[in-house]
Amino acid sequence: MDRFSGHIDQAREFEAGDDLAAVGIAEGWRSTYPMELWSLDRKVKRWEAQPIIPGPPAASAFG
């Protein structure tokens with residue numbers, strides 16, 4: 001899902017034996033973006049966006 005708008009960026013269909021197995025499979029696709037796992041019309045799990053950690057400040061060209 002898009003971090004800011006919440007719109008769906010992509011979807012994947014797959015089969016799993018049960019909810020626990022499906023969560024395990026989906027965990028492998030986890031990134032820093034929010035994600036939801038659905039089984040037909042039932043939401044199984046939602047992962048919130050992980051914070052974006054800023055890197056070190058850029059070196060100044062003026063020293």
Shortest non-hydrogen contact from [X] toward [Y]:
X     : Y     : value
Arg30 : Gln50 : NH2-CG, 3.7 Å
Met1  : Tyr33 : O-CB, 3.6 Å
Pro34 : Ala49 : CD-CB, 3.7 Å
Trp47 : Val23 : CZ2-CG1, 4.1 Å

Set of residues satisfying ring-ring contact (aromatic ring centres under 6.0 Å, His included) with respect to Phe14, sequence neighbours excluded
Trp29

CD-CG distance between Glu27 and Leu37, expressed to the nearest 0.5 angstrom:
9.5 Å

Report the C-alpha distance between Lys45 and Asp19 in whole Å, list the side-chain angles of each, state the deciding distance to 0.1 Å, and finish with yes or no for side-chain contact (heavy atoms from CB on, under 4.5 Å).
CA-CA 9 Å; Lys45 182 171 174 79; Asp19 288 353; over 6 Å; no

When Glu36 is tested against each of Arg12, Lys43, Arg42 for salt bridge (Lys or Arg N to Asp or Glu O under 4.0 Å), which residue passes?
Lys43

